[in-house]
There are 2 protein chains.
Amino acid sequence: MPNSHENKQPETSAPASWGPPYLLYLGNAADELSIKTARGLAYWRPQWCIGQLRGAECVPELKLPYLSCVDAKAAGANTMVLGVANAGGRLSPDIVRDVVTALEAGLNVASGLHQRLSAHPEIVAAAARTGRELFEARQFQHEIPVGKGSRRAGLRLLTVGTDCSIGKMYTSLAIEREMLKRGIAANFRATGQTGILIAGGGVPIDAVVADFISGGAEWVSPARDDGGWDVIEGQGSLFHPSYAGVSLGLLHGSQPDALVLCHEPGRPHMRGLPEFSLPELKTCLETNLQASRLTSPDVVAVGVALNTSKLDNEAAQRACAEIEDLMGLPCQDPVRMGLDRIVDQALACCGN
Amino acid sequence: MPNSHENKQPETSAPASWGPPYLLYLGNAADELSIKTARGLAYWRPQWCIGQLRGAECVPELKLPYLSCVDAKAAGANTMVLGVANAGGRLSPDIVRDVVTALEAGLNVASGLHQRLSAHPEIVAAAARTGRELFEARQFQHEIPVGKGSRRAGLRLLTVGTDCSIGKMYTSLAIEREMLKRGIAANFRATGQTGILIAGGGVPIDAVVADFISGGAEWVSPARDDGGWDVIEGQGSLFHPSYAGVSLGLLHGSQPDALVLCHEPGRPHMRGLPEFSLPELKTCLETNLQASRLTSPDVVAVGVALNTSKLDNEAAQRACAEIEDLMGLPCQDPVRMGLDRIVDQALACCGN
């Protein structure tokens, strides 16, 4: 739905075919983690989300009207978004049935799940029958060249992390929001499925063929000469043994002028790997800066974004103050505090 | 073709379905670079290669008998290997026609080209009609988990490089050969298409989905408890802006005990990227060691392998001596000199 940002984001506004208004499908999600995609959309693009569709056993909920597919269509919805993840990212028979119902009600369907909508003949048949579109956020259709590393115009900020799933998308979106608030041209560049649904496009960087990681990052943040910023969503961590290759290719392809380090205090170990502890913040940031210099020799760090969702307000303020002292950089929580001081630092360091 | 190594390499001996004896197909290759795959097979597995098939306009040649498909079959060939690469890795109409001829002569066909054999209906139909097998070295059929980084048993050596296409495969194979000569159990673990055809299996690491790079490396060099070595073929370079993500994932998944740095003196710039000069050897090695320590804290460097093919003998000896002084590590050319002193160093450092 048109909003004040859309004119500034021509390339990332959601396309008409599977764009908003959205009905967010939660299915029978058991917990908050399962509706991460729906919650991200509702938080960052509330103007696009007109209702939620919950199964009888769904536990979490959003602050949105309950709507059936037919009611959502009547209320103006264009697309139902599968905003739910279940074990293995598979489409259960329930979900397949509900997707067919949505198509028959006249809605397009967008999915961030691993398993393809198109893997289900009933869904493919229903889409053909109703003339509706299917969109798979984890599928990358474009043919792109390998990364070249040539210097390109424009200002780019990349979020990097001590770990996976630590707040890089929220941080990137909060920076875009703060820049837009100040009248600075800025585009969130999505690299994960939730980000792609929020941005209306992007590159599912962990799903491209390995040789094209840096090429994917170059593709999603092309040269720009309007003085504005590309704020690129980071993925993984150089210190995560499963995914560091993705993080490094993204770092090289992004060619960042500025890095923001994302962290969650108190996290006991690297996500999914109890044997691996998190890196020290200073080591992590220095390693990212060093690697970035291959394609962006003058890269600087401009802040630390802290996910303090598990702390009370006082502890959160204290954690930020401590890290600010340690790192000599502004440290804020994107949800609790906003990132105005990190944006100040980026603008001061990168010549706006 | 039984050979002295095969008993020691049960997992990497070429499978019967598309295994040796081989007829090497050169087509109408215009230069040496185009027959890199055929030359690698003929050099490292001469006992598997019984002939070459050259087109009328083929320029380079191997020291092997000229054979037609029918003659090769009569001489005992099992598989024709497309040992040629042309612009874009596509199968020209000539090649498609010759593949069909090979299948009709009773040969299986293996390919290291980008474009799939199976993309050509004539080839698929001929294989079905004749009951022959097609093997695509760049296609990875296995479902594998993401990398975990858990410590696994066994000794592993990984080759890393200042650049792409600098001698990592030749170095790995020369180390395997030297170890086997000494009666040490050793397996070359292939990560590229030529290596896969030589080893009879492996993981085309630059063709897996980005999230599975380190998982692919873990899969190709599983735990071993026979006191022997996995010698893992490196890919790309941490300093190549196009492919560094692949190199880092391979480094983490390989969990190497020992690194060998590969380099070609006099190379003017990073392959394909005139804007990028090669890294300093010391910086490159230290960066690789540092990154390796995430999954292999005690990793050591055991040598530098130099590609001196463009130098005369005296200049090659001098180049090795200079680098040996600079790096404090044995430095040898795998083709011109063999890598006995690098293997000595690996065995001395890693407790054999």
Side-chain angles (χ1 to χ4, degrees), chain A residues 114 138 140 145-151 164 191-192 203-218 235-255 270-277 279 283-284 286-287 290-296, chain B residues 114 138 140 145-151 164 191-192 203-218 235-255 270-277 279 283-284 286-287 290-296:
Chain A
H114 269 291
R138 284 181 194 263
F140 191 59
V146 297
K148 283 292 170 198
S150 313
R151 283 301 290 169
C164 303
T191 62
V203 58
I205 198 80
D206 56 8
V208 302
V209 167
D211 253 3
F212 296 89
I213 304 170
S214 64
E218 293 184 359
Q235 292 293 336
S237 165
L238 288 183
F239 290 84
H240 197 294
S242 310
Y243 309 117
V246 172
S247 307
L248 184 61
L250 187 50
L251 203 55
H252 287 162
S254 293
Q255 219 174 86
M270 296 300 276
R271 188 172 164 91
L273 303 179
E275 295 172 60
F276 287 88
S277 52
T283 307
C284 183
E286 189 45 53
T287 302
Q290 190 57 46
S292 294
R293 288 187 189 113
L294 183 66
T295 58
S296 189
Chain B
H114 269 291
R138 285 181 193 264
F140 191 58
V146 296
K148 283 291 171 199
S150 313
R151 283 303 288 169
C164 303
T191 61
V203 59
I205 198 80
D206 55 8
V208 302
V209 166
D211 253 2
F212 295 90
I213 304 169
S214 63
E218 293 184 0
Q235 292 294 335
S237 165
L238 288 183
F239 290 84
H240 197 295
S242 310
Y243 308 118
V246 172
S247 307
L248 184 61
L250 187 50
L251 203 55
H252 286 161
S254 294
Q255 219 174 88
M270 295 300 277
R271 188 170 163 91
L273 303 179
E275 295 172 62
F276 287 87
S277 54
T283 308
C284 183
E286 190 44 54
T287 303
Q290 189 58 46
S292 294
R293 288 187 190 112
L294 182 66
T295 58
S296 188

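Order of the sequence lines fixes the chain letters, A, B, ..., with proteins taken first and strands second; residue numbering starts at 1 for each chain. This structure is a prediction, so every number in the text was calculated from the model and none was measured.
When every heavy atom of A:Phe276 is checked against every heavy atom of B:Gly149, the shortest pair comes out as CZ-O, 3.3 Å. Between A:Phe239 and A:Cys284, the shortest heavy-atom contact is CE1-CA, 3.6 Å. Between B:Ile205 and B:Val208, the shortest heavy-atom contact is O-CG2, 3.3 Å. Across all non-hydrogen atoms, the minimal contact from A:Met270 to A:Ser277 is CG-O, 3.7 Å.
The most heavy-atom pairs under 4.5 Å with chain A, out of B:Gly245, B:Gly253, B:Gly147, come from B:Gly245. In terms of heavy-atom pairs under 4.5 Å with chain B, the best-connected choice from A:Gln290, A:Glu275, A:Arg151 is A:Glu275. The choice from B:Leu251, B:Ile213, B:Leu273 that makes the most heavy-atom pairs within less than 4.5 Å of chain A is B:Leu273. If you tally non-hydrogen atom pairs under 4.5 Å between each of A:Val146, A:Thr295, A:Leu238, A:Leu250 and chain B, the highest count goes to A:Val146. When the candidates A:Gly249, A:Gly215, A:Pro279, A:Ser150 are compared by the number of heavy-atom contacts under 4.5 Å with chain B, A:Ser150 comes out ahead. Here B:Ala210 is the residue among B:Ser214, B:Ala210, B:Gly236 with the most heavy-atom pairs under 4.5 Å with chain A.
Judged by distance alone, with hydrogens and angles left aside, the side-chain atoms of B:Ser247 form a donor-acceptor pair with the main-chain N or O of B:Gln235 at under 3.5 Å.
Under the rule for a ring pair (Phe, Tyr, Trp, His ring centres under 6.0 Å), the partners of A:His240 that lie at least two apart in sequence or sit in another chain are A:Tyr243.
In this structure, no portion of A:Thr287 lies under 4.5 Å from any heavy atom of chain B.
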